[in-house]
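Since the structure comes first, as structure tokens, the remarks are kept for the end.
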Amino acid sequence: MLSDAQFVSSPSMYAPNLKVYFSFCFECLHGKAHVNLQTRAMAKDGGSKSSSFLKTATTTVHHAINESEKASYVAHINSYLAEDKFLKQFLPLDPATNALFDLAKDGVLLCKLINVAVPGTIDERAINTKRDLNPWERNENHTLGLNSAKAIGCTVVNIGTQDMVEGRPYLVLGLISQVIKIQLLADLNLKKTPELLGLVEDDKDVEELISLPPDKVLLKWMNYHLKKAGYEKQVTNFSSDVKDGEAYAYLLSALAPEVSGPSALATKDPTERANMVLEQAERLDCKRYLTPKDIVDGSPNLNLAFVAQIFQHRNGLTADTKTMSFAEMMTDDVQTSREERCFRLWINSLGIATYVNNIFEDVRNGWVLLEVLDKVSPGSVNWKQATKPPIKMPFRKVENCNQVIKIGKDLNFSLVNIAGNDIVQGNKKLLLAFMWQLMRFTMLQLLKNLRSHSQGKEITDADILNWANKKVKKSGRASQMESFKDKNLSNGIFFLELLSAVESRVVNWSLVTKGETDDDKKLNSTYIISVARKLGCSIFLLPEDIIEVNQKMILTLTASIMYWSLQHSEESFTPEASPVASADGEHQTEFTTEVSNLAIDDVSENKPEDEGVSS
């Protein structure tokens with residue numbers, strides 16, 4: 001049986017005293033609430049203190065709070081939200097008190113921080129902002145914040161709205177630290193900073209650079225400049241390797257000789273050197289994320305934040321014509337990038353052990369896909385025949401990917417003429433098509449597993465379509481959806497009426513436009529996504545997916561609303577026993593094939609019949 005939370009988190013916004021967990025892993029059954037905040041190669045343990053970045057899930061939760069980190073994050077909030085129309089009445093916060101955790105209890109703070117980290121993630125019209133919120137409004141804010149945190153890449157495991165309402169310090173600080181980290185590392189990729197290509201010398205190195213997580217890219221950037229400055233050591237973490245402050249002194253002398261000097265290197269006292277380094281960095285307008293003591297103690301999170309600040313203000317990289325043209329060649333088309341983003345965030349929301357930074361690179365050894373398959377279809381993977389990374393022998397990667405293909409076929413995925421080697425080679429169209437079928441399988445299984453509604457019968461795409469139309473019609477509205485590619489959906493009205501039908505109070509109709517212009521469509525689609533997350537839907541699409549009527553993303557949106565509705569109502573729902581014609585006259589079997597096979601045909605039509613690699 002799949003965990004109900006694997007596709008759609010659904011905190012009961014109308015039962016505030018009931019503890020509802022946001023979880024994509026089976027540890028939620030243990031009832032232990034905690035956040036799995038993976039540092040992912042942040043540091044060796046070195047001399048670091050207890051951190052708000054909790055390690056992998058265990059039955060024992062580490063509740064210790066790092067006061068230095070707390071003070072740093074409070075300073076960040078005071079700086080970036082000082083002019084916020086609602087929050088400025090509560091700022092600045094005093095790091096010596098629990099004001100941070102008290103302010104977080106109504107859910108507004110997390111929502112605002114998410115929008116600072118990734119602008120536009122939350123439609124602020126959907127946030128309940130008033131001084132005294134009732135329990136429902138507070139729950140809505142926390143539901144919106146937690147679902148939006150997952151939608152920007154935070155790893156949120158086993159934390160519910162009630163945890164946030166109570167302002168549990170280690171959970172609040174852990175979430176805030178993740179959001180801030182995402183903000184600080186946002187530019188550490190080739191799309192935002194193509195000059196990073198200057199760190200590598202050949203195509204193989206470029207592939208490695210693309211696959212690196214942002215904090216590893218930051219280390220690579222740091223070592224690049226340290227080597228040029230004559231620093232003989234290799235920095236491998238943001239903790240023990242930077243405790244003496246020497247690496248920072250060399251880095252600043254290389255990047256900003258006008259603000260640095262030999263005095264930092266001349267002193268023998270690490271604390272004195274750390275203080276000099278921070279004074280020099282302040283002349284570059286780098287915010288004080290840490291104290292000299294934090295450097296000497298080797299605080300990994302704060303040192304990472306400090307280096308990221310230096311990168312933002314002075315990366316010391318240049319872009320020649322060759323570099324820029326190469327970066328343009330590396331850029332995927334908009335649709336491909338959007339779908340990669342959606343599937344990547346969805347995988348990371350499942351709570352598997354491996355964190356995915358780039359679908360096209362990180363799944364090529366097959367291991368991540370096996371982890372996902374084991375999560376959504378427990379027992380399907382033969383782990384005795386799988387090889388865990390790092391994998392040096394290419395044929396082992398092919399073995400993993402061959403098992404992925406085999407399981408996909410067992411689950412009735414359409415994988416004609418596809419072999420494991422296609423995944424190893426990083427065939428983008430194939431990977432996107434496979435990921436779509438995997439995601440679709442998961443959401444249909446979740447709907448099926450609501451046995452009180454489906455009687456355990458298979459759920460089809462047409463069932464979802466028919467349910468949505470009946471739900472809207474029953475509410476007295478006239479809108480109907482002919483198919484998941486109905487161009488009339490672009491104005492967003494149908495989905496707002498559907499959301500209102502499943503919960504009448506969730507849509508503020510005074511904020512809804514007619515959706516006649518592009519700007520009005522954008523306003524509606526942005527509002528739809530935030531309202532759906534506020535309701536309890538865990539979704540990863542973008543406003544553009546609604547405006548352009550991306551049928552795959554439209555299906556996931558409709559299915560997630562349906563899942564939430566069936567969980568929170570007594571309505572009856574009986575899946576059709578046979579293929580049913582949708583509103584546009586197409587049979588379900590034909591529609592399913594069309595949606596499931598997107599990009600598969602393009603992949604397979606030019607492949608020789610005998611192509612494929614067997615281990």
As an exercise, state the distance from [atom1] of [X] to [atom2] of [Y], rounded to the nearest 0.5 Å.
X	Y	atom1	atom2	answer
S565	L535	OG	CG	8.5 Å
S148	I539	OG	CD1	8.5 Å
F360	L431	CZ	CG	7.0 Å
L430	I418	CG	CD1	5.0 Å
T354	L350	OG1	CG	12.0 Å
T558	D461	OG1	CG	10.0 Å

Would you check if [X] and [Y] make a side-chain contact, meaning some heavy-atom pair closer than 4.5 Å?
X	Y	answer
V404	F434	yes
C401	N421	no
N301	K181	no
L444	I464	yes
L446	L450	no
Q403	L370	yes
L541	N550	no
L557	F484	no

Just jot down the side-chain contact (heavy atoms from CB on, under 4.5 Å) partners of [X], sequence neighbours excluded, or say none.
X	answer
N348	R344, Y355, V356
R364	E207, E361
I547	K521, K522, S525
K406	D410

V235 vs L219, side-chain contact (heavy atoms from CB on, under 4.5 Å): CA-CA, chis, key distance, verdict: CA-CA 7 Å; V235 176; L219 280 174; 3.8 Å; yes

Donor-acceptor side-chain pairing of T236 and D241 below 3.5 angstrom: yes

Residues D486 and S483: side-chain donor-acceptor under 3.5 angstrom: no

Full working for side-chain contact (heavy atoms from CB on, under 4.5 Å) between T143 and N147: CA-CA 6 Å; T143 304; N147 277 320; 3.7 Å; yes

Exercise: identify the closest heavy-atom pair between [X] and [Y]:
X	Y	value
N357	P214	OD1-CD, 3.6 Å
W564	C537	CB-SG, 4.2 Å
L146	M164	CD1-CG, 4.3 Å
P543	I529	N-CD1, 3.4 Å
R533	F540	NH2-CA, 4.1 Å
M435	L369	SD-CD2, 3.6 Å

Parallel, tilted or perpendicular: rings of W436 and F343 (30°, 60°): tilted

Main-chain N/O of L373 paired with S377 side-chain donor or acceptor, under 3.5 Å: no

Heavy-atom donor-acceptor pair, T193 side chain to D187 backbone, under 3.5 Å: yes

Intermediate values then yes/no, side-chain contact (heavy atoms from CB on, under 4.5 Å), I359 and E339: CA-CA 10 Å; I359 285 281; E339 292 192 7; over 6 Å; no

K552/D545 salt bridge by N-O under 4.0 Å criterion: no

Worked check of side-chain contact (heavy atoms from CB on, under 4.5 Å) between S211 and D362: CA-CA 7 Å; S211 66; D362 295 354; 4.1 Å; yes

Salt bridge (charged side-chain N to carboxylate O under 4.0 Å, His left out) partners of residues 378-398, not counting sequence neighbours, each pair once: R396-E399

Candidate pair N189 and K192, rule side-chain hydrogen bond (donor to acceptor under 3.5 Å, both in side chains), full reasoning: CA-CA 6 Å; N189 58 74; K192 293 284 188 69; 5.9 Å; no

Listed partners of E548 passing salt bridge (Lys or Arg N to Asp or Glu O under 4.0 Å), at least two apart: R338

